[in-house]
Amino acid sequence: MSSKRKINISVILIIFLITIGICCAIIISPISFNSISMEKATSSIVYIKNTILNGEAFQYTTAYDLNEEETNKVIKILNKYSYHICIETLTHRNSIEDYGYIYILALDNNIIMITDVSKIIINDRVYRVGYFGRTKIEEMISELMGILSHY
């Protein structure tokens with residue numbers, strides 16, 4: 001093999017590896033909830049739990065209208081966390097399967113769906129909260145439940 005051919009193969013390999021590295025960095029880079037416009041947000045939360053009742057699938061639903069103070073608490077909680085792109089984001093899927101429960105937040109002109117499987121939907125795009133396991137999403141949900149505890 002000529003040295004010119006070896007150099008060409010090396011350059012192509014280096015370009016390929018740099019491209020893969022850039023793509024990986026984009027996918028794992030955290031995105032702040034601050035990037036979502038939530039100024040002067042009016043909000044509500046709908047809690048949906050999938051369960052089995054008498055051997056049949058059943059969906060338990062509760063809706064909460066939040067006052068301004070509660071809305072500000074929700075925004076503050078969300079701003080403590082970040083999310084990132086996942087495979088579903090790249091494939092333009094807009095649904096999540098196999099969740100046990102889901103919180104649907106209507107904040108300003110945004111719809112944010114938070115599930116117990118570490119995935120969220122923000123305005124019809126699926127993202128992931130946390131990198132390994134469900135720890136981050138469970139912390140977020142626990143804090144959101146604290147706001148709803150007086151209902």
Side-chain angles (χ1 to χ4, degrees), residues 1-52 57 59-64 66 68 70-148:
M1 196 182 288
S2 72
S3 65
K4 212 175 197 188
R5 183 165 170 87
K6 286 181 183 178
I7 292 173
N8 286 342
I9 291 173
S10 297
V11 168
I12 290 171
L13 183 62
I14 289 170
I15 291 171
F16 175 75
L17 292 174
I18 289 171
T19 304
I20 295 293
I22 290 170
C23 289
C24 288
I26 289 170
I27 288 174
I28 64 171
S29 294
I31 305 167
S32 171
F33 278 95
N34 286 329
S35 64
I36 302 169
S37 171
M38 294 184 281
E39 294 179 22
K40 298 180 183 172
T42 56
S43 65
S44 60
I45 295 179
V46 176
Y47 170 73
I48 300 171
K49 181 176 181 171
N50 294 324
T51 188
I52 304 295
Q59 209 170 52
Y60 171 79
T61 305
T62 307
Y64 307 91
L66 305 180
E68 186 176 342
E70 292 166 329
T71 299
N72 289 334
K73 287 180 182 178
V74 167
I75 292 170
K76 188 175 181 180
I77 289 168
L78 291 176
N79 287 337
K80 289 172 45 178
Y81 295 92
S82 61
Y83 56 95
H84 60 90
I85 293 171
C86 60
I87 298 299
E88 290 86 348
T89 314
L90 300 174
T91 59
H92 300 288
R93 287 190 53 197
N94 61 357
S95 64
I96 299 171
E97 298 173 2
D98 299 327
Y99 64 86
Y101 54 85
I102 187 168
Y103 292 89
I104 303 172
L105 283 67
L107 294 167
D108 202 9
N109 293 322
N110 301 291
I111 301 294
I112 303 170
M113 299 180 190
I114 302 171
T115 68
D116 59 340
V117 293
S118 296
K119 293 185 180 165
I120 60 173
I121 298 175
I122 301 174
N123 299 327
D124 291 331
R125 300 282 308 263
V126 177
Y127 298 94
R128 184 167 178 83
V129 174
Y131 295 98
F132 305 105
R134 298 180 179 178
T135 305
K136 290 293 180 192
I137 202 77
E138 288 173 355
E139 289 172 6
M140 180 191 292
I141 289 170
S142 176
E143 289 185 57
L144 290 172
M145 287 299 295
I147 294 172
L148 303 178

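In this chain, residues are counted from 1 in sequence order.
You'll find the side chain of I77 reaches within 4.5 Å of the side chain of I147, heavy atoms only. The shortest distance between side-chain heavy atoms of Y131 and P30 falls below 4.5 Å. In this structure the side chain of L78 reaches within 4.5 angstrom of the side chain of I114, judged on heavy atoms. Here the side chains of T91 and V126 are not in contact, with every heavy-atom distance at 4.5 Å or above. By the 4.5 Å heavy-atom criterion applied to side chains, I111 and D124 are not counted as neighbours. By the 4.5 Å heavy-atom criterion applied to side chains, D116 and I137 are not counted as neighbours.
Rounded to the nearest 0.5 angstrom, L13 CG and I18 CD1 are separated by 10.0 Å. For the atom pair CG of L107 and OG of S44, the computed distance is 8.0 Å after rounding to the nearest 0.5 Å. Here T71 contributes atom OG1 and L66 contributes atom CG; the two are 5.0 Å apart, rounded to the nearest 0.5 Å. Here the CG atom belonging to N123 is positioned 9.0 Å from the CE atom belonging to M113, to the nearest 0.5 angstrom. To the nearest 0.5 Å, atoms OG1 (T89) and CD1 (I121) are separated by 10.0 Å. For the atom pair OG1 (T115) and CD1 (I141), the distance works out to 6.5 Å, reported to the nearest 0.5 Å.
Using a distance-only test at 3.5 Å, with no hydrogens or angles considered, a donor-acceptor pair links the side chain of H84 to the main chain of G130. T19 contributes a side-chain N or O that, together with a main-chain N or O of I15, makes up a donor-acceptor pair within less than 3.5 Å.
A 6.0 Å sphere centred on CD1 of I87 holds no more than 12 heavy atoms belonging to other residues, nucleotides or ligands.
For the salt bridge (charged side-chain N to carboxylate O under 4.0 Å, His left out) test with E88, the passing option among R125, K119, R128 is K119; the others fail.
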Output, in order, the C-alpha distance, side-chain angles, deciding distance and verdict of ring-ring contact (aromatic ring centres under 6.0 Å, His included) for F33 and Y81. CA-CA 7 Å; F33 278 95; Y81 295 92; 7.7 Å; no
Does the pair N110 and I122 meet the rule for a side chain to side chain contact (heavy atoms under 4.5 Å, CB included), with working shown? CA-CA 7 Å; N110 301 291; I122 301 174; 5.5 Å; no
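Note on K80 versus E143: salt bridge recorded, some NZ/NE/NH1/NH2 to OD/OE distance being below 4.0 Å.
Contact between L148 and Y103 at its shortest, heavy atoms only, is CD1-CE2, 4.2 Å.
Aromatic ring pairs are classed by plane angle as parallel below 30°, tilted from 30° to 60° and perpendicular above 60°; the pair Y47 and Y60 is perpendicular.
Under the rule for a side-chain hydrogen bond (donor to acceptor under 3.5 Å, both in side chains), T135 has no partner lying at least two apart in sequence or in another chain.
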